[in-house]
Amino acid sequence: MPAVLDVHPSHAERARAYVEDPSGFSVVTPRTASTVVLLRDAARGPEVYLLRRAGSMAFAAGMHVFPGGSVDPRDSDRGPRWAGPDAATWAERLGCDEPLARALVIAAARETFEESAVLLAGPDDTSVVGDTSGTDLESARLALLNRSLSMSDLLGSRGLVLRADLMRPLAHWVTPEFEPKRFDTWFFVAGVPTGQQARDVSGEADATSWLPVRDAVRRHDEVQGDGHLLMLPPTIEALRSLVDHDTVTDALEALALARRPGRLPRILPRPVWVDGRLVLDLDEPVG
């Protein structure tokens, strides 16, 4: 990861004002969130599922993002059966306590289902549900969206096991303090289970796409032309960290908890002037 990143032009005015007078800002407490980098194998290497946030959204309008969102209080429920590393193992890697680690993993699975119809769950510890487009699961997905159903209730009523072993921790970013809407977000990676397909079901997006990870990075970096992809720093840096993997399995194996001891660094970008240029300093992770 680079030591500094450019400030996006749409954020430059607030970032500049914050550097000039931090005391003039009322720093908003960030909301805890989970987001999932969904991957699938393709001829040109892993592809990533991206949603373009609608222009009417209050946060990150027009940006390309991964499925994700705020942790719901009911994500802390201890009800769902769980396959894979326990909450203590996740807590050690995520750098938080066990209840929060459990909530983050459940929120990651819930948000993925809500925003892409991909369900990381199955009848037992070694299987995953197939097609999720049927009436029953689609009704459950809509109930999650309107908060009339919790993820714990969805899994429990259908005898499903949360497949936490299908996810890997990737990064932990906090929105800069100059932003009016902030999130404390843990990033996960998962492959789309065999038999399932991501679908354009998110009401917060005006477009979705599958792109080779390498192409998504290239299109972000090519700032000229209609093919340019707008992304916030955590999104593009997540993709950069995955660009060298040739398959989804390679990426997941590289990120396995057993192979990556220690907690994820908590990255809080800070605007600073460097050689007359306003940038986001990432050199000293905090927490």
Side-chain angles (χ1 to χ4, degrees), residues 33-43 46-54 57 64-85 102-168 187-211 247-249 251-252:
S34 293
T35 191
V36 178
V37 186
L38 271 182
L39 300 175
R40 70 179 184 186
D41 283 316
E47 293 182 335
V48 61
Y49 187 68
L50 293 172
L51 302 90
R52 187 179 67 192
R53 288 178 62 82
M57 300 301 295
H64 288 78
V65 300
F66 312 122
S70 299
V71 171
D72 185 283
R74 294 178 298 175
D75 291 330
S76 300
D77 292 350
R78 298 187 60 83
R81 288 190 294 153
W82 181 292
R102 186 176 184 84
L104 288 167
V105 171
I106 293 174
R110 175 181 54 76
E111 288 285 345
T112 300
F113 186 45
E114 288 182 3
E115 297 197 348
S116 71
V118 170
L119 182 58
L120 302 173
D124 54 48
D125 292 5
T126 61
S127 61
V128 184
V129 297
D131 182 15
T132 63
S133 62
T135 302
D136 177 58
L137 284 177
E138 177 59 14
S139 296
R141 190 189 67 80
L142 294 174
L144 286 177
L145 282 170
N146 66 29
R147 298 297 181 260
S148 63
L149 184 71
S150 70
M151 191 64 173
S152 178
D153 290 338
L154 183 157
L155 297 173
S157 63
R158 289 160 178 80
L160 297 176
V161 178
L162 180 72
R163 292 293 306 276
D165 59 322
L166 300 180
M167 289 184 274
R168 302 288 188 271
F187 286 69
F188 299 82
V189 178
V192 176
T194 301
Q196 294 190 31
Q197 293 187 4
R199 293 185 283 120
D200 184 0
V201 293
S202 175
E204 297 180 353
D206 60 15
T208 62
S209 58
W210 280 104
L211 290 174
T247 67
V248 175
T249 297
L252 296 179

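Every residue meeting the side-chain contact (heavy atoms from CB on, under 4.5 Å) condition with Ala121, not counting sequence neighbours, appears here in chain and number order: Leu119, Leu155, Leu160. Partners of Ala103 under the side-chain contact (heavy atoms from CB on, under 4.5 Å) rule, at least two apart in sequence or in another chain, are Val71, Asp75, Ser76.
With Arg81 contributing its side chain and Gly159 its backbone, the two residues share a donor-acceptor pair below 3.5 Å. Counting only distance, with no hydrogens or angles, the side chain of Thr132 and the backbone of Val118 share no donor-acceptor pair below 3.5 Å. In this structure, the side chain of Asp41 engages the main chain of Val248 through a donor-acceptor pair within 3.5 Å. Not one N or O on the side chain of Arg163 forms a donor-acceptor pair closer than 3.5 Å with the backbone of Leu120. Panel note: side chain Arg141, backbone Glu114; a donor-acceptor pair is recorded below 3.5 Å. Checked by atom type and distance alone, the side chain of Ser116 never pairs as donor or acceptor with a backbone atom of Phe113 at under 3.5 Å. Of the possible donor and acceptor atoms, none in the side chain of Glu111 sits under 3.5 Å from a partner among the backbone N and O of Thr35. Side chain of Arg52 to main chain of Ser209: no donor-acceptor pair is present (N/O by atom type, distance under 3.5 Å, no hydrogens or angles).
The shortest heavy-atom contact between Ala117 and Arg199 is CB-NH2, 3.3 Å. Nearest heavy atom pair, residue Leu166 against residue Leu252, reads O-CD2, 4.5 Å. Of all heavy-atom pairs spanning Asn146 and Ala143, the tightest one is OD1-O, 2.8 Å. Arg110 approaches Ser70 most closely through the heavy-atom pair NH2-O, 3.0 Å.
Residues Pro85 and Asp165 are in side-chain contact: their nearest non-hydrogen atoms beyond the backbone lie under 4.5 Å apart. For the pair Thr112 and Phe66, the minimum side-chain heavy-atom distance is 4.5 Å or more. For the pair Gln196 and Val129, the minimum side-chain heavy-atom distance is below 4.5 Å. Within the 4.5 Å cutoff, the side chain of Thr194 has no heavy atoms near those of the Val128 side chain.
The 12-atom threshold is exceeded at CD of Glu138, counting heavy atoms of other residues, nucleotides or ligands nearer than 6.0 Å.
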Problem - Trace of the side-chain contact (heavy atoms from CB on, under 4.5 Å) decision for Met151 with Asp72 - result: CA-CA 10 Å; Met151 191 64 173; Asp72 185 283; over 6 Å; no
Problem - Evaluation steps, side-chain contact (heavy atoms from CB on, under 4.5 Å), between Leu162 and Val105 - result: CA-CA 9 Å; Leu162 180 72; Val105 171; 4.2 Å; yes
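With values rounded to the nearest 0.5 angstrom, Leu154 atom CG is found 7.0 Å from Leu137 atom CG.
Aromatic ring pairs are classed by plane angle as parallel below 30°, tilted from 30° to 60° and perpendicular above 60°; the pair Trp210 and Tyr49 is tilted.
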